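Note that the coordinates shown come from a computational prediction; the quantities given were computed from them, not determined experimentally. Protein chains get the first letters and strands the later ones, always in sequence-line order, with residue 1 at the start of each.
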Protein chains: 2
Amino acid sequence: MISQAEENYLKAIFKISEKEAKAATTNAIAAEMQTTAASVTDMLKRLAEKNLIDYEKYRGVQLTPEGNKLATALIRKHRLWEVLLVEKLGFAWDEVHELAEQLEHVQGNGLVDRLDEFLGHPKFDPHGDPIPDAEGRWSFRQQVLLGTLKVGDHAVVTGVDDHSAAFLQYLDQMHLALGAQLELLERFPYDQSLRIRTGNGQEIVLSEKVGQNLYVKISWEADRDFGKRIMSPAFLMAQLFHRDVQRRGGKRFAPLQLGK
Amino acid sequence: MISQAEENYLKAIFKISEKEAKAATTNAIAAEMQTTAASVTDMLKRLAEKNLIDYEKYRGVQLTPEGNKLATALIRKHRLWEVLLVEKLGFAWDEVHELAEQLEHVQGNGLVDRLDEFLGHPKFDPHGDPIPDAEGRWSFRQQVLLGTLKVGDHAVVTGVDDHSAAFLQYLDQMHLALGAQLELLERFPYDQSLRIRTGNGQEIVLSEKVGQNLYVKISWEADRDFGKRIMSPAFLMAQLFHRDVQRRGGKRFAPLQLGK
DNA sequence: AATAATTTTTAGATTTGCCTAAAAATATAA
DNA sequence: TTATATTTTTAGGCAAATCTAAAAATTATT
Ligand SMILES: [Mn+2]
Ligand SMILES: [Mn+2]
Ligand SMILES: [Mn+2]
Ligand SMILES: [Mn+2]
């Protein structure tokens with residue numbers, strides 16, 4: 001049996017290890033969990049006792065295969081619930097994280113699979129994050145930060161790095177939700193701010209910070225029809241991802257290489 | 001803030017008070033919660049401290065208006081989740097209780113209302129139990145135990161008293177799910193067992209125990225078409241309940257009078 | 001290499017929720 | 001009404017998960 005607290009720690013460790021290839025430190029986990037280093041040390045002992053992490057005093061931790069499997073399953077559940085909340089219950093993408101944080105801990109035979117089935121086996125959650133399949137395999141995509149585009153590039157919004165409600169609401173206001181089309185018109189050298197044209201033809205300026213928190217996929221085929229044909233976000237997303245390959249679960253894939 | 005354990009105790013007290021009009025005893029709560037009397041006493045002190053129950057040593061407990069409201073909301077959540085699990089995710093009615101037992105504790109603004117909306121404001125859960133509305137009002141129905149029918153009565157299955165998986169599965173096997181039609185053909189005086197005809201024309205014999213755990217609604221109009229016209233369970237249930245009145249929340253309604 | 005700064009662990013408490021065993025109160029029976 | 005049985009509470013303890021403060025280990029800096 002594994003407690004909710006233990007599950008949350010596993011997920012935190014997974015997320016840290018995902019970004020930085022090295023072992024997760026006590027402090028990093030404490031920051032992610034919004035708790036104290038002392039509490040983390042306590043928990044690390046428990047998780048090591050259960051063989052969910054490899055833990056050496058003062059050396060940080062790594063998930064064992066067992067721990068990785070549990071963390072992956074937890075993320076799968078979290079993101080599937082998020083899809084349900086947005087697609088079926090009508091929540092906005094900035095409202096669902098806290099709910100999914102609770103729902104992910106619901107245990108029950110067949111629940112996840114039925115959820116997955118009901119939702120049509122989605123590969124990405126409402127924030128564009130990949131949903132591992134039942135065997136723990138991840139979909140991934142060729143996405144880059146908006147800030148790395150070259151002037152003249154056309155692209156489609158595919159995800160966010162900052163998941164805060166404030167950022168998501170800002171994107172909604174700018175008409176930059178998932179699937180939104182855009183073209184980079186200009187980069188101001190002074191502060192690296194970006195002038196773009198959005199799908200509806202409007203021109204707006206975005207700060208460097210936005211450029212570093214918004215993932216996009218560069219589109220070549222689409223640019224000819226840009227602004228003329230109206231395509232639904234769902235259609236666009238499907239177009240963008242239909243060629244995406246899959247990697248085996250277990251071995252974590254390398255952090256996305258940003259830029260060229 | 002209220003913990004999951006506290007919520008579960010409130011629900012247990014509510015359920016006990018629902019059946020017996022008097023104060024819920026420590027032992028009754030312990031039985032319902034499958035724990036010890038000592039643990040219950042501990043918790044009663046905490047709930048009384050939070051003004052969720054009226055508690056006098058050795059005198060049992062009653063929910064305060066505040067406690068009643070919380071318990072009602074919890075039951076609403078539990079039963080709405082059960083509807084989702086059965087109607088949307090495809091679970092059988094004997095599989096959903098444990099899941100709903102966890103899901104009922106998920107907290108979040110607007111979750112219950114959106115769930116209710118998505119499900120089409122159901123008035124009864126997959127076991128035929130009423131779902132209080134957002135204001136805490138209960139639907140109720142004119143149902144009696146199968147065992148109290150007179151020979152010759154026609155009826156429709158509307159609910160169960162025993163919610164165990166074993167009983168629910170048995171009912172499935174006998175084609176006595178919610179909405180199933182039946183006619184009481186004979187009562188054997190020897191052991192009070194019942195011979196009935198089910199919707200598909202088959203005759204079966206049910207034990208006295210079944211008769212005391214299955215709720216039905218006597219039907220007059222329907223008997224003419226019995227066995228000829230095929231009606232969906234959903235249609236039948238709707239027909240049966242469309243005239244049901246509602247009672248105000250807060251004051252608990254009297255336990256159902258069985259028999260005449 | 002020694003000192004300073006930082007990180008991590010330990011020590012000791014606290015809260016929640018549960019347990020068993022014993023004591024106290026209440027209800028039932030003789 | 002006294003004795004007996006039952007119910008309920010108290011006492012004492014335990015495990016999970018958290019905290020603060022202090023000690024120990026590691027890392028960075030002179
Ligand atoms: Mn969580
Ligand atoms: Mn997400
Ligand atoms: Mn529960
Ligand atoms: Mn139910």
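Among the nucleotides D:dT8, C:dT20, D:dA17, the one closest to the side chain of B:Thr36 is C:dT20. Of the candidate nucleotides D:dT8, C:dG17, D:dC19, D:dT8 has the atom lying nearest to any side-chain atom of B:Thr25. Comparing atom distances between the A:Ser3 side chain and each of C:dT26, D:dT10, D:dA17 picks out D:dA17 as nearest. Between C:dC18, D:dT9, C:dT8, one nucleotide has an atom nearer to the side chain of B:Lys57 than all others, and that is D:dT9. Distance from the side chain of A:Ser39 is smallest for D:dC19 among the nucleotides C:dC18, C:dT10, D:dC19. Considering only side-chain atoms of B:Thr35, the nucleotide from D:dT20, C:dC19, D:dT10 that sits closest is C:dC19. For B:Arg46, taking side-chain heavy atoms from C-beta onward, the closest of the listed nucleotides C:dG17, D:dT9, D:dT18 is C:dG17.
For A:Asn27 and C:dT6, the shortest distance from a side-chain N or O to OP1 or OP2 is not below 4.0 Å.
In this structure, B:Tyr58 places its OH atom 9 Å from C1' of D:dT7, rounding to the nearest Å. With rounding to whole Å, A:Glu56 atom CD is found 16 Å from C:dT7 atom C1'. The interatomic distance linking B:Glu6 (CD) with C:dC18 (P) rounds to 10 Å, in whole Å.
A salt bridge links A:Asp161 and A:Lys19; the closest N-O separation between the charged side-chain nitrogens and carboxylate oxygens is under 4.0 Å. B:Arg76 has a carboxylate O that lies under 4.0 Å from a charged side-chain N of B:Asp113, or vice versa, which qualifies the two as a salt bridge. Salt bridge annotation for A:Lys50-A:Glu66: absent, with no cationic side-chain nitrogen under 4.0 angstrom from a carboxylate oxygen.
Base engagement by B:Asp42 is indicated by at least one non-hydrogen atom pair under 4.0 Å involving a base atom. Within 4.0 Å of B:Ala5, counting heavy atoms only, lie sugar-phosphate atoms of the nucleic acid but no base atom. Across all strands, B:Thr41 comes closer than 4.0 Å to base atoms (heavy-atom distances).
At most 12 non-hydrogen atoms from other residues, nucleotides or ligands lie less than 6.0 angstrom from CG of A:Asn109. Under a cut-off of 6.0 angstrom, the local environment of NZ in A:Lys88 is crowded, with over 12 non-hydrogen atoms contributed by other residues, nucleotides or ligands.
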